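One is the number of the first residue; the rest follow in order along the sequence. Since the structure is predicted, the reported quantities are computational estimates derived from the model, not experimental observations.
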Amino acid sequence: MDEIKRRRTFAIISHPDAGKTTLTEKLLLYGGAIREAGSVKAKAGRKQTTSDWMEMEKQRGISISSTVLQFDYDGFKINLLDTPGHKDFSEDTYRTLTAADSAVMLIDAAKGVEAQTRKLFEVCRLRGIPIFTFINKMDRPGREPLDLLDELETVLGIRSSPVNWPIGMGPDFRGIYEVYKEQIHWFRPDNDHESKAKAIDSQIVKLSDLNTLNELKDSASQRALAQFMAEFELLQAAGDPLDVERVLAGNLTPVFFGSAMNNFGIEVFLNEFIKLAPPPGARKAKDKTLEPEDKKFSAIVFKVQANMDPMHRDCLAFMRVCSGEYEKGIRAYCPRKEGEVRLNNAVHIFGRDRVTIENAKAGDIIGVVDTTNSLRIGDTLTQDPAVEYQRIPRFAPEHFVRVSPVDPTKRKQFRKGVEQLSDEGVVQILVPPGNVDSSVMIGAVGQLQFEVFEHRMNTEYSTPVRMEKLPYIMAKWVTSGAEQIKSARKSETMYVEDRNGSPIVLFGTQWAFKFLKEDYPDAGFADTIE
């Protein structure tokens with residue numbers, strides 16, 4: 001139990017461009033996991049980010065695939081899950097959140113709560129994941145802090161409790177005041193953003209003594225101080241006190257302020273977060289609830305990634321250890337396969353890098369080298385055959401193309417690439433009944449997934465592809481009445497099956513779906529499937 005209580009496994013969620021990858025790099029920096037923080041758009045000779053390791057991520061300056069980063073900090077074992085912010089890769093983020101015990105919600109001080117933030121917040125709420133909020137870019141012009149807290153309640157429906165509070169903002173930003181420690185951290189911009197900052201200057205002072213400090217003598221600082229005093233007075237009267245039970249129940253979010261780019265407020269956040277965030281907790285399976293200290297090993301696969309190591313071209317199955325302990329060579333039952341799997345080679349992951357391990361505890365994220373490509377997203381691995389965790393849902397695709405290899409002689413490589421990228425969830429293979437065409441129909445939730453697919457087919461499988469857009473805008477899985485739907489001949493619709501043989505219908509318009517439902521009222525349709 002002592003080892004389990006040291007684990008902190010969390011995901012970072014945000015809208016694109018809120019600074020998520022930058023925050024990730026700075027957490028690694030202050031955690032001592034790296035010596036120099038990488039830049040999302042690094043200039044020649046500068047270090048790239050640790051989490052965005054794919055070549056396309058480096059070129060685009062955006063996160064495309066979720067990443068696991070593991071390190072030790074102040075007696076704790078940290079499992080940090082960096083997720084894509086772009087909506088086209090939201091499926092990957094949803095899957096990754098199944099492995100997290102808590103989430104850090106990053107908000108741009110100028111933009112507040114944005115669309116993708118709302119969606120990911122709702123996923124966390126549905127799963128009962130505690131939320132910690134970091135309001136970023138305080139050194140830039142932005143919205144008033146009180147306005148941002150009000151938006152958390154009105155838009156997301158969650159109360160907030162500031163753990164620290166900004167003194168000014170934008171050009172007048174002077175630092176943060178730790179509410180419960182009565183300690184000020186002065187903001188001193190540093191041009192060397194990639195190096196770890198020196199020890200932060202801080203003083204423990206009473207609020208009434210702030211006017212006497214030399215650091216706050218200039219006019220801009222006086223404006224910042226006046227604003228801080230007015231806001232803090234309101235906060236004391238109307239703010240919510242920090243209640244750990246409400247935080248863990250998902251009813252209250254602790255709020256932190258800072259600037260990830262300028263290395264400011266990160267260490268303060270990290271020190272408080274590891275104390276407040278929950279250790280690994282109980283996990284619900286279909287017929288029982290498992291405690292992390294249960295002796296029998298169990299885990300759930302939430303991500304599959306091929307070709308992380310260009311030298312080996314192997315496939316890693318990322319899994320969250322939910323109970324018991326992984327030991328090298330352990331045998332585990334997989335309910336989907338109705339058979340045992342031997343887990344011989346497991347690794348701890350740090351971006352693209354990996355270190356072979358002999359054991360892992362509940363709460364850890366491990367990668368298992370899957371030489372036969374037999375493990376799938378959502379698989380349960382367990383020493384208790386009665387245990388099966390709820391499978392991770394797949395979302396109905398919204399974009400569709402027909403894809404074929406430019407070079408017909410590379411048919412074998414083409415098939416291997418399409419199937420592996422389908423296993424990862426990059427695309428979904430769709431098969432029309434009686435299909436004998438050499439091309440393959442694929443679907444994706446976001447248009448950018450096709451660009452990732454095309455890029456990886458070219459670079460990882462040396463198979464350039466040709467893609468033809470198909471005239472469909474939505475898809476629905478058929479949950480009942482599949483034979484009727486299969487025999488129907490409706491305009492602007494197409495009956496296909498997914499890779500597992502589940503029936504799915506593609507629609508060219510919303511009206512086509514409406515008419516099909518009217519003609520077959522007993523048929524059932526769904527937007528997701530396990």
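Under the 3.5 Å distance criterion, with hydrogens and angles disregarded, no donor-acceptor pair is assigned to the side chains of Thr98 and Tyr389. Counting only N and O atoms by type, the side chains of Lys486 and Gln484 include no donor and acceptor under 3.5 Å apart. For the residue pair Asp498 and Trp477, a side-chain donor N or O sits within less than 3.5 Å of a side-chain acceptor on the partner. Checked by atom type, the side-chain pair Gln420/Tyr461 shows a donor-acceptor distance below 3.5 Å.
Among the candidates Leu69, Ile274, Leu28, Asp72, the single residue satisfying the side chain to side chain contact (heavy atoms under 4.5 Å, CB included) test with Ile78 is Ile274.
At least one donor-acceptor pair under 3.5 Å links the side chain of Thr9 to the backbone N or O of Gly363. Checked by atom type and distance alone, the side chain of Arg499 pairs as donor or acceptor with a backbone atom of Glu419 at under 3.5 Å. Proximity of a side-chain donor or acceptor of Gln383 to a complementary backbone N or O of Phe297 within less than 3.5 Å is detected. One N or O on the side chain of Gln449 and one on the backbone of Val426 form a donor-acceptor pair closer than 3.5 Å. Looking at Tyr326, its side chain does come within 3.5 Å of a backbone N or O of Leu343 through a donor-acceptor pair. Panel note: side chain Asp370, backbone Ser374; a donor-acceptor pair is recorded below 3.5 Å.
Note on Asp384 versus Lys288: salt bridge recorded, some NZ/NE/NH1/NH2 to OD/OE distance being below 4.0 Å. Salt-bridge formation is not detected for the pair Arg320/Asp364: no Lys NZ or Arg NE/NH1/NH2 atom is positioned less than 4.0 Å from an Asp or Glu carboxylate oxygen. A salt bridge does not link Asp379 to Arg391: none of the charged nitrogens lies less than 4.0 Å from a carboxylate oxygen. For Lys119 and Glu114, the salt-bridge test fails: no basic side-chain N is under 4.0 Å from an acidic carboxylate O.
A cation-pi geometry, defined here as NZ or CZ lying under 6.0 Å from the six-membered ring centre and within 45° of its normal, does not hold between Lys517 and Phe525.
One distance of note links CD1 of Ile504 with OG1 of Thr479; it measures 12.0 Å at 0.5 Å rounding. Atom OG1 of Thr528 is separated from atom NZ of Lys476 by 10.0 Å, given to the nearest 0.5 angstrom. Residue Lys20 holds its NZ atom at 14.5 Å from CE of Met105, rounded to the nearest 0.5 Å. To the nearest 0.5 angstrom, Asn359 atom CG is 9.0 Å from Glu3 atom CD.
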*Take Phe395 and Tyr94 through the ring-ring contact (aromatic ring centres under 6.0 Å, His included) test and state the conclusion after the steps.*
CA-CA 10 Å; Phe395 294 81; Tyr94 294 152; 5.1 Å; yes
*asked:* Go through it in stages, so that I can follow the logic: the residues are Glu388 and Thr382, the test is side chain to side chain contact (heavy atoms under 4.5 Å, CB included), and I'd like the CA-CA distance, side-chain angles, deciding distance and then a yes or no.
replied: CA-CA 8 Å; Glu388 183 176 7; Thr382 174; over 6 Å; no
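Heavy atoms of other residues, nucleotides or ligands lying less than 6.0 angstrom from CD of Glu291 number more than 12. Within 6.0 Å of CG on Asn500 lie more than 12 heavy atoms contributed by other residues, nucleotides or ligands. The number of heavy atoms from other shown groups lying within 6.0 Å of CD (Glu518) is above 12.
Checked against the 6.0 Å centroid criterion, the rings of Phe273 and Phe134 do not qualify as a close aromatic pair.
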